[in-house]
Amino acid sequence: MATLPILQHEEKIIQTVDHNPVTVIIGETGSGKSTQLSQILHRRGYSTSGKIAVTQPRRVAAVSVARRVAHELGVQLGEEVGYAIRFEDRTSHNTRIKYLTDGVLLRESLANPELSEYSVIILDEAHERSLNTDILMGLMKRLVKVRNSDLKVLITSATLDGNKVSKFFTDCPVLTIPGKMYPVEILYSKERPSSYIESSLKTALDIHVRDPEGDILIFMTGQDDIEKLVSKLEDKVRALEEGSCMDAIILPLHGSLPPELQVRVFSPPPPNCRRIIVATNIAETSLTVDGVVYVIDSGYVKQRQYNPSAGMYSLDVVQISKVQANQRAGRAGRTRPGKCYRLYPSRVYNDEFLDATVPEIQRSSLAGSVLYLKSLDLPDIDILKFDFLDPPSSESLEDALKQLYLIDAIDENGAITSIGRKMAELPLEPSLSRTLMEANNYGCISEALTVAAMLSAETALLSAPGRSNTEKKRKHQISNLPDGSGLGDHIQLLQIYECWDQNDYDIGWCKDNGLQVRGMLFVRDVRKQLSQIMQKIAKGPLDIRANGKGEEFRRGYRNLRKALCVGYANQLAERKMHHNGYRTLGFQAQVVQVHPSSVLKADDLGKFPDYVVYHELIATPRPYMRNVCSVEMRWVVPVINKLKTLDVYKLSGGVEHVEKETERNLPDLPKKDVEVAAAGDRESRIQAARERFLARKGKK
DNA sequence: GAGATTCGA
């Protein structure tokens with residue numbers, strides 16, 4: 001352990017932390033920052049007045065790093081060194097060093113905004129810029145002032161732009177600690193290939209027949225491309241003349257692969273055999289594959305992004321950033337010097353790639369985060385001026401405010417309501433937490449809990465791919481579902497879970513019905529957690545047992561659907577007159593279709609229900625509503641009335657913000673236009689600002 | 001009549 005580079009910098013680190021409330025530490029992979037930093041501070045007495053918290057963006061990382069540190073200190077895990085992740089808290093009153101996911105720390109800060117049990121908070125892997133890390137960075141900036149130098153904050157990262165973060169934390173010091181990496185030779189293509197599958201195929205084969213041993217890791221964008229490339233590689237490798245070169249095994253690697261197939265990449269290849277691993281970006285950060293010497297980088301990644309003006313998500317193939325490209329290349333230099341083949345010219349890398357990946361906070365719906373921040377009740381913070389390292393667009397913040405207003409989480413002035421306060425306690429999207437609140441009044445809390453839990457895990461439910469179990473098939477496979485699923489997907493998800501409940505949570509039942517066991521067990525955990533929180537909020541026992549063909553079933557799930565209509569007030573759609581297309585009822589109407597995977601049934605005339613709520617809009621590339629539920633017009637009316645009262649200006653707290661928007665979004669407008677925009681009344685000012693903003697975006 | 005990169009409370 002004495003060889004870890006970070007230990008040679010111990011004195012320097014301690015000196016800096018002693019004299020500064022915030023320190024940024026840039027430590028390349030292999031520097032030992034995740035395991036050593038906490039131990040150094042512990043050794044030097046920083047854990048006597050409080051605990052040392054170390055956040056991780058991923059649960060597995062929190063657990064495995066905690067385990068290693070406990071081992072290095074020779075203590076039992078859960079004693080001096082422990083961890084906390086969702087559903088699992090392995091800490092005790094003895095714990096001095098606590099590893100946790102950043103989501104858990106955010107939850108803790110809801111109960112105790114000053115996080116007073118900690119004397120040190122280390123935000124690790126900050127360069128990944130997860131939504132939660134970004135919010136924590138904003139909170140830390142405030143907390144070091146409030147806690148008046150009895151808190152030390154360290155931001156650590158592999159490749160984060162240290163100067164930017166340092167500037168954010170009022171010019172705090174930046175320490176750089178070298179890593180232990182082998183050199184990686186970068187080879188660029190002369191031009192972008194017309195097909196990166198073909199190009200990867202050719203490059204991989206060239207390496208295989210020509211270069212010495214060492215595994216090949218190929219980065220592709222998704223499951224489809226991976227499967228295509230894997231089968232082509234298998235054909236080509238099989239066709240190679242026997243004995244002309246070593247053997248090769250081809251392994252796909254992506255998130256929807258069942259765990260037992262995923263772990264194959266951790267077993268070393270047999271002698272005289274090369275592994276060719278074809279992976280998504282899961283191999284960029286989440287999984288580390290040993291033995292990789294050659295990396296082939298397509299230069300693309302799939303990214304989910306949210307469009308706040310349409311309220312719609314899309315999954316797009318986009319160019320990676322320089323940070324990602326370097327991360328990928330680094331995967332070749334972990335055990336010895338390696339090579340990285342970039343399937344794009346250096347010009348593309350230099351001129352087209354962004355320096356860093358667009359942070360998640362600028363790509364997601366912010367309703368949940370805004371509600372969370374509002375519920376913290378920080379006296380000195382106005383949410384629209386919350387100090388983010390990279391602020392989200394004001395459009396996105398306004399979208400969040402509108403959503404929250406429509407579901408009664410904030411009032412017309414943007415202040416959090418008592419309902420909103422309770423909603424923030426629940427680890428759910430606001431639409432679902434609002435549904436739970438309402439269901440509690442209507443006596444269908446048990447059903448609503450199940451729906452919320454099922455939707456939290458929906459993608460995890462599908463059976464493993466490759467066994468031709470498509471979603472549609474799944475829906476038809478479930479045997480003996482009571483009638484009623486024609487009302488929509490929410491109801492069917494409910495019935496699936498209740499069926500499982502009646503089968504005593506039997507694992508075999510899941511397998512027989514094409515459901516992922518892991519996913520269903522997760523649903524059960526989530527449901528239990530939500531039940532506990534709801535009981536706390538309701539200040540009394542609730543009937544939360546799953547109850548199959550109970551009252552709700554007999555009444556056509558009317559109460560549940562009514563509750564959903566309130567929770568999804570922002571996600572309503574009305575069927576168009578003469579066909580089965582829908583128009584969303586929001587601030588901006590969209591024409592959308594029911595997703596083909598839906599179980600929603602048409603009536604005898606072939607018509608869908610007049611009104612539905614949807615869980616999500618997804619552009620793929622046509623706009624679809626995914627997971628819909630039939631509702632009744634008279635439940636919709638109050639929502640439409642509320643929509644009319646919506647005043648973004650008031651919600652976002654006044655003129656100042658509108659000016660800020662003008663300033664931030666329209667820096668290159670001719671001065672005259674800004675003056676015109678500023679001269680009108682406030683509505684037309686907002687409108688003018690928005691139009692110009694959109695026009696400018698369109699041009700880009 | 002489509003198609004799930006990846007994390008997380």
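The structure presented is a predicted model; accordingly, all values stated were derived computationally and were not measured. So you know, we letter chains A, B, ... as the sequences are listed, proteins then strands, and number each from 1.
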message = Output the rounded distance in Å from CG (A:Leu110) to P (B:dA9).
response = 15 Å
ask   = Do the ring planes of A:Phe87 and A:Phe522 sit parallel (below 30°), tilted (30 to 60°) or perpendicular (above 60°)?
value = perpendicular
Below 4.0 Å: OP1/OP2 of B:dA9 and any side-chain N or O of A:Arg59 = yes
key: Ionic contact status for A:Arg58 with A:Glu128, cut-off 4.0 Å   = yes
message = Taking the minimum atom-to-atom distance to the side chain of A:Arg622, which one of B:dA9, B:dA2, B:dT5 wins?
response = B:dA2
message = Go nucleotide by nucleotide along DNA chain B from the 5' end; which of A:Pro427 and A:Lys302 gets its closest nucleotide reached first?
response = A:Lys302
request  = Could you state the atom-to-atom distance from CZ of A:Arg626 to C1' of B:dG1 in whole Å?
outcome  = 15 Å
query = Which whole-number value in Å describes the distance from A:Leu315 CG to B:dC7 P?
reply = 14 Å
task = Find the distance A:Tyr624:OH to B:dG1:C1' and express it as a whole number of Å.
result = 7 Å
ask   = Across the strands shown, which category fits A:Arg58 at heavy-atom distances under 4.0 angstrom: base, sugar-phosphate, nothing?
value = sugar-phosphate
message = Taking any heavy-atom pair under 4.0 Å as a contact, classify A:Leu428: base, sugar-phosphate, or nothing.
response = base
query = Nearest-Å distance, CD1 (A:Ile533) to P (B:dA9)?
reply = 12 Å
key: Nucleotide nearest A:Arg304 (side chain, heavy atoms from C-beta), chosen from B:dT6, B:dA2, B:dT5   = B:dT5
query = Do A:Asp489 and A:Tyr614 have side-chain N/O donor and acceptor atoms under 3.5 Å apart?
reply = no
Closest nucleotide among B:dG8, B:dG1, B:dT6 to the A:Pro596 side chain = B:dG1
query = Has A:Ser456 got a side-chain N or O lying under 4.0 Å from the OP1 or OP2 atom of B:dA9?
reply = no
inquiry  = Check this one for me: any side-chain N or O of A:Thr280 less than 4.0 Å away from OP1 or OP2 of B:dT6?
reply    = yes
task = Give one of base, sugar-phosphate or nothing for A:Leu106, where a contact means two heavy atoms less than 4.0 Å apart.
result = nothing
ask   = Hey, does A:Asn281 reach any base, or is it just sugar-phosphate, or nothing, if we go heavy atoms under 4.0 Å?
value = base
task = Describe the nucleic acid contact of A:Val301 in one word from base, sugar-phosphate, nothing, applying a heavy-atom distance below 4.0 Å.
result = nothing
ask   = Tell me: CD of A:Glu616 to C1' of B:dA2, nearest whole Å?
value = 14 Å
Flag for A:Thr288-A:Arg331: side-chain donor and acceptor within less than 3.5 Å = yes
inquiry  = Can you list everything that forms a ring-ring contact (aromatic ring centres under 6.0 Å, His included) with A:Tyr344? Sequence neighbours excluded, please.
reply    = A:Phe353
task = With the side chain of A:Gln223 defined as its heavy atoms from C-beta on, choose the nearest nucleotide among B:dT5, B:dA9, B:dT6.
result = B:dT5
query = Atom CG of A:Asp489 to atom P of B:dA4: distance rounded to whole Å?
reply = 17 Å
query = Can you find a pair of side-chain heavy atoms, one from A:Asn627 and one from A:Glu616, that are under 4.5 Å apart?
reply = no
OP1 or OP2 of B:dT6 under 4.0 Å from side-chain N/O of A:Gln303 = no
inquiry  = Nearest whole Å is fine: how far is B:dA9 P from A:Arg107 CZ?
reply    = 10 Å
